[in-house]
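Just follow the structure's listing: the first ligand is 1, and inside any ligand the first atom is 1. These numbers come from the heavy atoms of this one structure, side chains and all, not from hydrogens, waters or symmetry mates.
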Amino acid sequence: MKKTKYVFVTGGVTSSLGKGIIAASLAKLLQKRGYSVTIQKLDPYINIDPGTLNPYEHGECFVTDDGAETDLDLGHYERFLNIPTSQANNVTTGRIYQSVINKERKGEFLGKTVQIIPHITDEIKHRIQLLGNTGEYDIVITEIGGTIGDIESLPYVESVRQLLWELGHENAVSIHLTLIPYLAAAGELKTKPTQHSVKMLMQSGVTPDILVCRTEHKLNDGIKRKLALFCNVQQDAIIESLDAETIYDVPNMMLEEKLDEVVLKKMNLPIDEKPDLKVWNTFVTKHKNPKNTIEIGLIGKYVELHDAYKSIAESFIHAGSSNEVKVNIQWIHSNKLTPDNIPSKLKNLDGILVAPGFGDRGIEGKIDAVKYARENKVPFLGICLGMQMAVIEFSRNVLGLKDAFSTEMNPNTPHPVINLMEAQKSVVDKGGTMRLGAWKCQLAEGSKVKSIYKKEIIEERHRHRYEFNNEYLDQIEKAGLIATGKNPDTNLVEIIELKDHPWFVGVQYHPEYKSTVLSPHPLFVDFVKAALEHSLK
Ligand code: GLN
């Protein structure tokens, strides 16, 4: 049983400074120094989870093995650390209030007035320490979403204040991430916004131990001295975080700045030899020095916001590095595709990915893109909704089942080749009720996927309500679209492959959630390889 220490990461001045990447980079360095580390994100919004949020609002919803719908930062944590996260790694204000209110109804606080302090803060502290109490981790890093000064995050900051006090200085450290803007007209870096942010944090009773300063220019000694003086932080705990070429450079940059050493020193933990980042650095070097470039079309309906497909984009970086190619993603809006413009819009692509999604906006464009990939033998990967569209396209255009569709888009289709899962028929609530999390899938002998995964049983993460309708399986397989992966217990079709095509795979699950720097996802690696071969033809 380990005695867990805690690191809290707050952000100031502005949002989008990259708290998640700083937390993940610190965790990577600590992990490579031999500590077992995990990262948790506390989100201030009142939704129970981001599963009900439009991706335009909050980017991709990341799904864990245990079926939690979570913030996309958890994807970064997994990609950096190569260990799975779980429900306990993401907590929202909605979830905190829900638990407290449920307890109140059960009578657990009988006789008492239920208040933010202590009831809400107790629940937050309990959630923060849940991971630590497993005894698995030396260090738990907790990232507080939002920016210091937001009304929503006050109970979180108050809980951090209490925990820093209760756990004691050696057991808990506070890092504040801020922005040092550069004023071109004055030719100067400005520390005032950081001073204000720290002042606000200190008004809440939290003094940062470490400042991580995002900046476009190097911080000179004078600036560091000034920050130290005004912010009550030791000068060696002022860490410069310059803009990076890629997020995967940040662990090395933080190593250079000794962020990990400062954290360990503050917690009185041994600082042995430097962390071994050899494998990580091979990945980065290959990523930065590609031998070829390929063009992949990502056909989706949220393409204006690339964060909506974060894990897919990162999976291409991992797979690109392992193939030593640069994967150039062309973000293509499915709403803008028509049978007339498809040949000109897709002709330069070496691979086509039809993305996950919900609802019927842009759906015909996705189906037409599948048709183009199938007929022109362009490598194709369909993920979740993308796989379903591949089944629909095949049914319509090869089997001649006119108007074949998913009952999600047309409940009255004469040919529901994709229909609502049996278990979903009684579901009324929208939140957290899809088929979620990791499920087993058995791969067929002699299939392309079996040769890619080199395993018979795989486990992949799901997030859907609709499925392949097995009543059409015989017809569809006879015509050449084969179900090569099935759930061994229920026979649900999880993978389809097209015969007589160089690379055409549709998966009902989301492989992108499991790709990491250390283990690029085999399906993405092979898809990129096929696209590379296509480009060299
Ligand atoms: N809308 C489809 C379903 O619910 C696909 C979901 C997805 O792409 N994640 O089955």
Side-chain angles (χ1 to χ4, degrees), residues 49-56 58-65 67-70 72 75 298-303 305 307-313 315 334-335 352-367 369-370 380-393 395 404-411 413 416-439 441 460-470 472 483 485 487 490 492-496 505-515 521 523:
D49 60 45
T52 50
L53 286 175
N54 186 320
Y56 282 137
H58 204 64
E60 160 190 288
C61 170
F62 186 79
V63 178
T64 57
D65 280 334
E69 297 180 281
T70 72
L72 59 74
L298 191 154
I299 323 283
K301 68 169 179 175
Y302 306 109
V303 290
L305 182 72
D307 269 2
Y309 303 106
K310 191 81 204 159
S311 293
I312 295 179
S315 299
S334 53
N335 231 352
I352 292 177
L353 184 145
V354 176
F358 297 84
D360 58 7
R361 189 168 63 100
I363 211 73
E364 292 299 331
K366 289 188 171 177
I367 297 172
V370 179
F380 167 82
L381 177 58
I383 299 183
C384 207
L385 185 74
M387 173 267 200
Q388 298 176 351
M389 293 311 115
V391 174
I392 290 165
E393 190 280 322
S395 307
F405 224 154
S406 162
T407 52
E408 179 179 3
M409 286 85 202
N410 177 6
T413 169
V417 289
I418 303 291
N419 65 1
L420 194 62
M421 271 179 279
E422 207 42 52
Q424 287 288 326
K425 291 191 176 147
S426 54
V427 169
V428 256
D429 285 351
K430 290 273 184 256
T433 55
M434 282 187 244
R435 179 177 183 235
L436 289 165
W439 294 86
C441 171
E460 293 280 8
R461 300 181 193 171
H462 293 248
R463 183 174 187 248
H464 62 116
R465 295 186 201 280
Y466 294 82
E467 59 162 329
F468 186 106
N469 182 349
N470 272 330
Y472 290 86
N487 180 294
T490 59
L492 283 188
V493 173
E494 313 282 33
I495 309 177
I496 47 121
V505 177
V507 290
Q508 185 58 78
Y509 52 82
H510 293 262
E512 71 274 21
Y513 293 144
K514 281 182 74 168
S515 187
H521 197 286
L523 216 48

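- Residue-level contacts of ligand 1 at the 4.0 Å heavy-atom threshold are Pro356, Gly357, Phe358, Cys384, Leu385, Gln388, Glu408, Arg463, His464, Arg465, Tyr466, His510.
- Applying the 6.0 Å contact sphere to NZ of Lys430 captures no more than 12 heavy atoms from other residues, nucleotides or ligands.
- At distances below 3.5 Å, not a single donor-acceptor pair connects side-chain atoms of Asp429 with backbone N or O atoms of Gly431.
- Panel note: side chain Tyr302, backbone Asp307; no donor-acceptor pair is recorded below 3.5 Å.
- With sequence neighbours left out, Glu60 forms a side chain to side chain donor-acceptor pair (under 3.5 Å) with Ser311.
- A donor-acceptor pair shorter than 3.5 Å can be found between the side chains of Thr433 and Arg465.
- Side chains of Glu460 and His521: a donor on one and an acceptor on the other come within 3.5 Å.
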